[in-house]
Amino acid sequence: MNYWLMKSEPEVYSIHDLEKDQAAMWEGCRNYQVRNFMRDQMKIGDQAFFYHSNANPSGISGIMQIVSEAYPDPTQFQEDSEYYDNKSSLDHPKWLVVDVKHVSTFQQILSLKYLKSIDNLKDMQVNRKGQRLSITPVTTDEWNTILKLSSHITNN
DNA sequence: GCCAACGTTGGC
DNA sequence: GCCAACGTTGGC
């Protein structure tokens with residue numbers, strides 16, 4: 001059982017969209033390191049923080065669960081998709097997705113600024129300068145610390 | 001909109 | 001295989 005932090009721009013897809021949809025395919029990842037996380041380390045039942053990037057404020061907005069193994073991202077084959085990749089083929093797909101389901105939405109975003117102020121989280125990847133991976137591992141300690149911080153503002 | 005910090009591409 | 005140029009991410 002692993003923990004993750006997964007970024008999405010809320011303008012593109014937010015925790016509220018996921019709450020409405022209940023489940024979603026985490027499409028469009030085009031970074032090899034992130035793909036390898038999905039391929040090699042993500043397991044059904046893993047949990048992830050939903051992180052709003054490029055947002056106001058940016059921060060953790062809720063929790064979701066991984067509900068599939070990694071499988072080929074269909075958008076890489078769709079010529080009309082912004083995620084289309086003409087160097088990929090059905091035989092050798094380059095990019096993968098996982099399915100996620102909504103677990104909870106925080107009533108308030110745990111902002112990046114706030115996360116950075118927490119001593120136990122000072123080594124967390126999302127708090128590091130220049131850290132741009134859209135999916136990063138979260139340690140059990142970090143997960144529990146953030147759960148505690150969120151517990152009094154989490155609904156459902 | 002700026003720009004730092006990456007990742008990727010491609011010439012050589 | 002090096003590395004400069006370019007593209008992208010994402011905080012601010």
Side-chain angles (χ1 to χ4, degrees), chain A residues 2-21 24-42 46-66 70-100 102-139 141-143 145-150 153-154:
Chain A
N2 296 310
Y3 297 114
W4 304 95
L5 180 142
M6 298 168 72
K7 296 178 181 174
S8 176
E9 299 189 23
E11 301 260 310
V12 178
Y13 197 80
S14 74
I15 187 73
H16 306 291
D17 295 321
L18 182 61
E19 184 169 6
K20 178 157 53 72
D21 297 342
M25 192 176 68
W26 203 259
E27 64 184 31
C29 157
R30 295 296 180 265
N31 173 285
Y32 290 106
Q33 237 179 304
V34 170
R35 180 204 62 186
N36 295 349
F37 280 146
M38 289 195 280
R39 185 188 62 195
D40 302 334
Q41 295 186 46
M42 260 193 187
D46 285 0
Q47 292 198 286
F49 290 125
F50 194 125
Y51 181 90
H52 284 177
S53 63
N54 260 321
N56 202 359
S58 294
I60 295 174
S61 59
I63 295 174
M64 55 191 170
Q65 186 163 17
I66 309 304
Y71 61 96
D73 184 343
T75 65
Q76 70 195 305
F77 307 121
Q78 294 163 6
E79 286 191 43
D80 59 345
S81 168
E82 62 173 314
Y83 301 124
Y84 177 64
D85 185 343
N86 65 1
K87 297 199 201 72
S88 193
S89 69
L90 285 166
D91 286 350
H92 297 96
K94 281 171 67 179
W95 306 114
L96 302 174
V97 292
V98 293
D99 293 332
V100 298
H102 181 266
V103 173
S104 67
T105 301
F106 296 170
Q107 283 191 344
Q108 284 178 44
I109 302 272
L110 293 182
S111 72
L112 183 61
K113 186 179 176 189
Y114 179 59
L115 296 173
K116 283 185 168 171
S117 76
I118 306 298
D119 200 50
N120 284 353
L121 301 179
K122 66 179 188 314
D123 294 329
M124 197 175 175
Q125 294 215 26
V126 77
N127 282 339
R128 292 179 197 165
K129 193 178 181 187
Q131 189 289 117
R132 303 183 313 158
L133 296 179
S134 61
I135 298 180
T136 52
V138 171
T139 69
D141 281 352
E142 290 162 351
W143 182 270
T145 297
I146 291 168
L147 270 197
K148 211 175 291 176
L149 296 172
S150 72
I153 59 167
T154 305

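Residue numbers begin at 1 in each chain, while the letters A, B, ... track the order of the sequences.
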Would you tabulate the pairs of protein nitrogen or oxygen atoms and nucleotide nitrogen or oxygen atoms of nucleotides 7-9 of chain B closer than 3.5 angstrom?
from	atom 1	to	atom 2	distance (Å)
B:dG7	O4'	A:Arg132	NH2	3.1

* **d(CG, A:Asn127; P, C:dG10) in whole Å** => 14 Å

* For C:dG11, does OP1 or OP2 lie under 4.0 Å from any side-chain N or O of A:Lys129? -> no

* Structure fact -> A:Arg128 CZ to B:dA4 C1', in whole Å, measures 17 Å

* To do: Map A:Gln131 and A:Asn54 onto DNA chain B by nearest heavy atom, then report which one ends up closer to the 5' terminus.
  => A:Asn54

* Can you list the residues that meet the side-chain hydrogen bond (donor to acceptor under 3.5 Å, both in side chains) rule with A:Ser88, with sequence neighbours excluded? -> A:Gln76

* Qualifying salt bridge (Lys or Arg N to Asp or Glu O under 4.0 Å) pairs with a residue from residues 70-83 of chain A, counting only residues at least two apart or across chains -> A:Arg30-A:Asp73

* Can you run down the salt bridge (Lys or Arg N to Asp or Glu O under 4.0 Å) pairs that involve residues 103-125 of chain A, sequence neighbours left out, and say none if there aren't any? => none

* Asked: Considering residues at least two apart in sequence or located in another chain, which fulfil the side-chain hydrogen bond (donor to acceptor under 3.5 Å, both in side chains) criterion with A:Asp99?
  -> A:Tyr71

* side chain to side chain donor-acceptor pair (under 3.5 Å): pairs with one or both residues in residues 51-62 of chain A, sequence neighbours excluded -> A:Glu9-A:Asn54, A:His52-A:Ser61

* Quick one: are A:Phe106 and A:Phe50 in side-chain contact, heavy atoms under 4.5 Å? -> no

* To do: Select base, sugar-phosphate, or nothing to describe what A:Lys116 touches, counting heavy atoms under 4.0 Å on all strands.
  => sugar-phosphate

